[in-house]
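Chain A is the first sequence line, chain B the second, and so forth, proteins listed ahead of strands; every chain is numbered from 1. Just the heavy atoms: all of them, side chains too, but no hydrogens, waters or symmetry mates, feed the values below.
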Amino acid sequence: MIDFDPSSFGLAHTYQKEDKDEINTLALPSAPQVIYKTLNGPTQINGGNKLNNFKHGTTTLGFVFKEGILLAVDSRASMGSFLSSEQVRKVIEINEYLLGTMAGGAADCQYWLAYLANHCRTYELKNGSKLSVAAASKFLQGILIGYRNSGLSMGCMIAGTDTTGQHLYYIDNDGMRLKGDIFSVGSGSTYAYGVLDNHYRYEMSLNEAVELGIRAIYHATHRDTASGGVVRVYHIHQNGWTKVHDGIDVVDLHYQFAQQKGLVGDGDEAKQRLF
Amino acid sequence: MDSIFGLQGGDFVIVACDGSIAHSILKIKETEDKILKLDDHKIFGISGEGADRNSFGELVHKNHSLIRYKTGAYMNLKETAHFVRSMYAQAIRSRDGPHQCNGLLGGVDSDGTPSLYWLDYLGSLQKITRGAQGYANYFLLGLLDNQYKPNLTKEEGIEIIKKCIKELQTRFLIAQNKFIVKIVTKQGIETFTL
């Protein structure tokens, strides 16, 4: 036991053994606890291993339609209640024909998607033809299955174009790989799905699809605290991908959409009067 | 949360599965085909969370094909069922633990005999005429027992499956709207969505 001089900690009352029951409210600040936790054990999204308690604070979405694939993402990064950035790039440009979206741990997504990019390029050089979207996503799935209990946190979508068309896959850190037409990933995904499911049609034009993507992300950022910043939109077509919007501020969108409905956007739609 | 259920008739086997993949409260996909086609006369419906269903399914499919190419021998249903069981059994005390998925393996042999096998993640194997995996057991076993009779025709079998689907949609808390049904007969495999 180390003997501290109580006055150096600002204690008005000396803590002695016999005083244990009447401890002063100005108690000793506890020493920072070092968490000796290993990286073993399954990752859980909420709770679970404290070192790996990443929250997927984001909204990303992608859908397949007649003109290809549309990806729309927000740009907020948060560490608990602190917003670390409002300008994150959550669509990762793997190569000229493949895009990946980021949700979960930024480092994990960036690293493994870069690793995938390396693998795609090596394959292209060795075999003379581009890796298909199915094969690229399967390669990533294989890696993530291998690291299954190591605490990786990734909920990404791989979207791209190859000789068979445009394809969208969802891949997560559990090793799940799903092919689909509509996906939304992240804490705001449930809000985005509401808008997406309501307005989605395969026969949409590009403009309608871009508008839908923007709206869905806006609605998710409005209701989800962990999503926000700007909306970035990418379009994948048979010649590769195009960045449609590099960053539309969701705050501007809020007032714009409110105006379209004849509202002001000050949140006072209920016109509550207290007196 | 997957529902996999199946029925063996006089000359056919049906295995049906729900199409949903869920993550906590979200249904990510509604049209996922959980019944694997091992070859033209064998199907394997797998129920399990996350990657296990997919990865074990692929493991079974590729190893099944490998045996065919290596030995030239075409495994019949009984041999396949025992082979899959041994894959489950080998994994139970391995480093990564058991494969976290259960299955229903069904098919028709070259002489036209149908069979359905119930397999579980610890390596249990049982030949059955009707059964289910997961929560579907609770809702469907009574109905399947009630409706089953020996030597069912294909049309009767499909009717029973429709009744099972209706029952799940009526009583199961989790909404399962789309079901994928595969029927194996001596002529091959038919797939449809209900």
Take atom [atom1] of [X] as the centre, draw a 6.0 Å sphere, and report whether it contains more than 12 heavy atoms from other residues, nucleotides or ligands.
X	atom1	answer
A:K126	NZ	no
A:F139	CZ	yes
A:Q238	CD	no
B:F192	CZ	yes
A:K66	NZ	yes
A:M204	CE	yes
B:Y74	OH	yes
B:K166	NZ	no

Quick check: do B:N54 and A:Q141 have side-chain heavy atoms less than 4.5 Å from each other?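 They are in side-chain contact.
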
Sort A:D172 into side chain, backbone, both or neither according to what part of it lies under 4.5 angstrom from a heavy atom of chain B.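 The answer is the side chain of A:D172.
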
Side chain, backbone, both or neither of A:L144 within contact of chain B (heavy atoms, under 4.5 Å):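 Neither part.
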
Pick one of side chain, backbone, both or neither for B:D52, based on which atoms fall under 4.5 Å of a heavy atom in chain A. both

If one checks every heavy atom of B:I28 against chain A at 4.5 Å, the contacting part turns out to be both

Where B:A51 and A:D174 come nearest, the two heavy atoms and their spacing: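 Here B:A51 and A:D174 meet closest at CB-O, 3.1 Å.
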
Under 4.5 Å, heavy atom to heavy atom: which of residues 67-74 of chain A reach chain B? Give them by number, or say none.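 Listed by number: none.
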
Pairwise distance [atom1]([X]) to [atom2]([Y]) - rounded to 0.5 angstrom:
X	Y	atom1	atom2	result
B:I25	A:T190	CD1	OG1	6.0 Å
B:R53	A:M176	CZ	CE	7.0 Å
B:H23	A:Y170	NE2	OH	3.5 Å
B:S55	A:R177	OG	CZ	12.5 Å

Under a 3.5 Å distance rule, please check whether B:K29 uses its side chain to pair with a backbone N or O of A:L178 as donor and acceptor. no

